[in-house]
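Notes for the one structure printed next.
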Amino acid sequence: NQYGVKKVVTNCPHCFNTIKNEYPQFGGSYEVIHHSELINDLIRQGRVSVNAQVVTELGNRVDADDELRVDGRLVERDVPPSYVLLNKPRGHVSTAHDPHGRPTVLDLAPPHIRLYPVGRLDADSEGLLLLTNDGELAQQLTHPRYSIPKEYLVLVKGNPSDETLQRLRSGVCLEDVATGDSPGRGPTAAAEVRREKSDAEETWLRLVIHEGRKRQLRRALNPSFLFH
């Protein structure tokens with residue numbers, strides 16, 4: 001067993017029997033157990049609780065609205081995917097929990113469904129935000145490799161020149177802290193920028209970007225970066 005696997009768990013009876021019977025040469029390398037056996041072991045060890053009560057006897061019934069935990073961690077049930085399109089107001093942060101106690105977008109969501117925000121709008125921004133429990137869709141919408149376009153209407157002071165708008169289209173150098181989803185410091189990806197309407201005091205810009213660095217538009221429109 002070159003990968004160091006010591007235990008294989010399956011909830012498929014066919015897979016269980018196939019591994020046990022057709023690959024006996026692996027019997028000394030790792031243990032093959034059925035999914036139900038693992039659950040029974042966890043119950044016997046007192047690691048399972050239902051509605052905050054530790055369960056040690058086998059055969060107890062768990063209803064759909066019961067809270068089930070293993071080692072203190074909530075067990076997510078198989079629930080149908082839910083999708084909520086939220087018109088986020090200013091003042092709410094796009095997170096499931098805020099350590100500073102600020103209101104979050106989940107405060108505006110249906111209370112009986114566990115949802116998570118897809119992407120972010122900062123507290124001072126407003127607009128469309130998707131809340132869902134569909135992890136696969138959230139991954140496809142937010143991971144940089146899929147380059148999903150995100151469109152924004154931005155109000156800026158004054159009337160930016162054509163040269164300034166071209167800088168935004170070509171990419172603005174930002175000094176990011178590198179993360180798993182961020183390329184770190186360097187120019188932003190090419191963006192679509194269009195002047196919607198303007199007067200002597202302010203201008204509405206429409207921007208379409210394909211990445212999501214922290215507060216990217218506010219920072220990119222900051223003169224210290226835009227005219228660097």
Side-chain angles (χ1 to χ4, degrees), residues 83-109 115-132 134-228:
Y83 310 93
V84 173
L85 293 178
L86 175 69
N87 185 12
K88 188 191 94 64
R90 297 181 64 181
H92 285 71
V93 293
S94 301
T95 184
H97 172 72
D98 182 61
H100 303 293
R102 294 174 295 180
T104 75
V105 291
L106 295 190
D107 295 332
L108 307 172
L115 300 169
Y116 301 92
V118 178
R120 291 177 180 270
L121 289 174
D122 61 39
D124 294 327
S125 298
E126 58 187 33
L128 180 66
L129 188 68
L130 174 64
L131 309 177
T132 185
D134 187 336
E136 182 177 352
L137 175 64
Q139 171 78 354
Q140 292 179 353
L141 290 176
T142 57
H143 198 283
R145 73 170 175 265
Y146 297 109
S147 298
I148 300 298
K150 294 172 279 288
E151 185 172 328
Y152 301 87
L153 277 173
V154 181
L155 181 64
V156 299
K157 293 181 179 180
N159 193 343
S161 66
D162 291 341
E163 180 183 0
T164 297
L165 298 187
Q166 186 56 43
R167 284 178 177 268
L168 285 172
R169 295 186 184 103
S170 303
V172 179
C173 285
L174 301 178
E175 296 183 356
D176 281 3
V177 176
T179 65
D181 293 336
S182 172
R185 69 176 60 201
T188 58
E192 301 174 32
V193 183
R194 186 169 73 244
R195 194 192 315 268
E196 290 292 307
K197 59 181 180 180
S198 62
D199 55 33
E201 297 183 354
E202 58 188 22
T203 300
W204 281 100
L205 300 176
R206 185 179 299 272
L207 296 95
V208 179
I209 63 176
H210 296 81
E211 57 182 350
R213 303 194 197 182
K214 184 176 180 180
R215 298 176 65 86
Q216 178 175 335
L217 292 183
R218 292 185 185 276
R219 295 165 59 217
L221 292 164
N222 187 311
S224 63
F225 290 111
L226 193 56
F227 301 105
H228 181 68

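Predicted, not measured: the structure shown is a model, and the values here were computed from it.
To the nearest 0.5 Å, atom CZ of residue Arg218 and atom CG of residue Asp122 are 4.5 Å apart. In this structure, CG on Leu205 lies 7.0 Å from CG on Leu221, to the nearest 0.5 angstrom. We find the CG-CG distance between Leu106 and Leu115 to be 7.0 Å, quoted to the nearest 0.5 Å. Rounding to the nearest 0.5 angstrom, the gap separating the CG atom in Leu168 from the CD atom in Glu163 is 11.5 Å. The line from CD of Glu151 to CD of Glu192 is 8.0 Å long, rounded to the nearest 0.5 Å. How far CD of Glu201 is from CG of Leu155: 11.0 Å, rounded to the nearest 0.5 Å.
For Arg195 (side chain) and Pro160 (main-chain N/O), a donor-acceptor pair under 3.5 Å exists by modelled atom type. Between the side chain of Glu196 and the backbone N or O of Leu153, no donor-acceptor pair lies under 3.5 Å. One N or O on the side chain of Ser94 and one on the backbone of Leu121 form a donor-acceptor pair closer than 3.5 Å. Here the side chain of Thr203 pairs a donor or acceptor atom with the backbone of Gly158 at under 3.5 angstrom. Side chain of His143 to main chain of Arg145: a donor-acceptor pair is present (N/O by atom type, distance under 3.5 Å, no hydrogens or angles). Side chain of Thr142 to main chain of Gly119: no donor-acceptor pair is present (N/O by atom type, distance under 3.5 Å, no hydrogens or angles). When atom types are taken as modelled, the side chain of Lys88 and the backbone of Val105 share no donor-acceptor pair closer than 3.5 angstrom. Between the side chain of Arg90 and the main chain of Asp124, a donor-acceptor pair closer than 3.5 Å is present. No donor-acceptor distance shorter than 3.5 angstrom exists from the side chain of Lys150 to the backbone of Leu207, with no hydrogens or angles considered. The main-chain N or O of Val193 is found under 3.5 Å from a side-chain atom of Arg169 such that the two form a donor-acceptor pair.
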Test side chain to side chain donor-acceptor pair (under 3.5 Å) applied to Thr95 and Arg120, step by step: CA-CA 8 Å; Thr95 184; Arg120 291 177 180 270; 4.6 Å; no
Go through Thr132 and Val118 one step at a time and tell me if the side chain to side chain contact (heavy atoms under 4.5 Å, CB included) criterion holds. CA-CA 7 Å; Thr132 185; Val118 178; 3.5 Å; yes
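Considering only heavy atoms from C-beta on, Tyr152 comes within 4.5 Å of Ile209 through its side chain. Taking 4.5 Å as the limit, every side-chain heavy atom of Leu131 sits out of range of all side-chain heavy atoms of Tyr83. Using a 4.5 Å cut-off on side-chain heavy atoms (C-beta onward), Glu211 and Pro144 make no contact. For the pair Gln216 and Thr188, the minimum side-chain heavy-atom distance is below 4.5 Å.
In plain terms, the two heavy atoms of Val93 and Arg102 that are nearest each other are CG1-CZ, 3.5 Å. Heavy atoms only, all atoms of each residue included: Ser147 and His210 are closest at O-CD2, 3.3 Å. Nearest heavy atom pair, residue Pro187 against residue Gly171, reads CB-C, 4.5 Å. In this structure, Leu85 and Leu130 approach most closely via the heavy-atom pair CD2-CD1, 3.9 Å. Pairing each heavy atom of Leu108 with each of Pro89, the nearest pair is CD1-CD, 3.5 Å. In terms of heavy atoms, Val172 sits closest to Ala220 at CG1-O, 4.1 Å.
Side-chain contact of Glu202 with Ser198: a donor-acceptor pair under 3.5 Å is absent, judged by distance alone.
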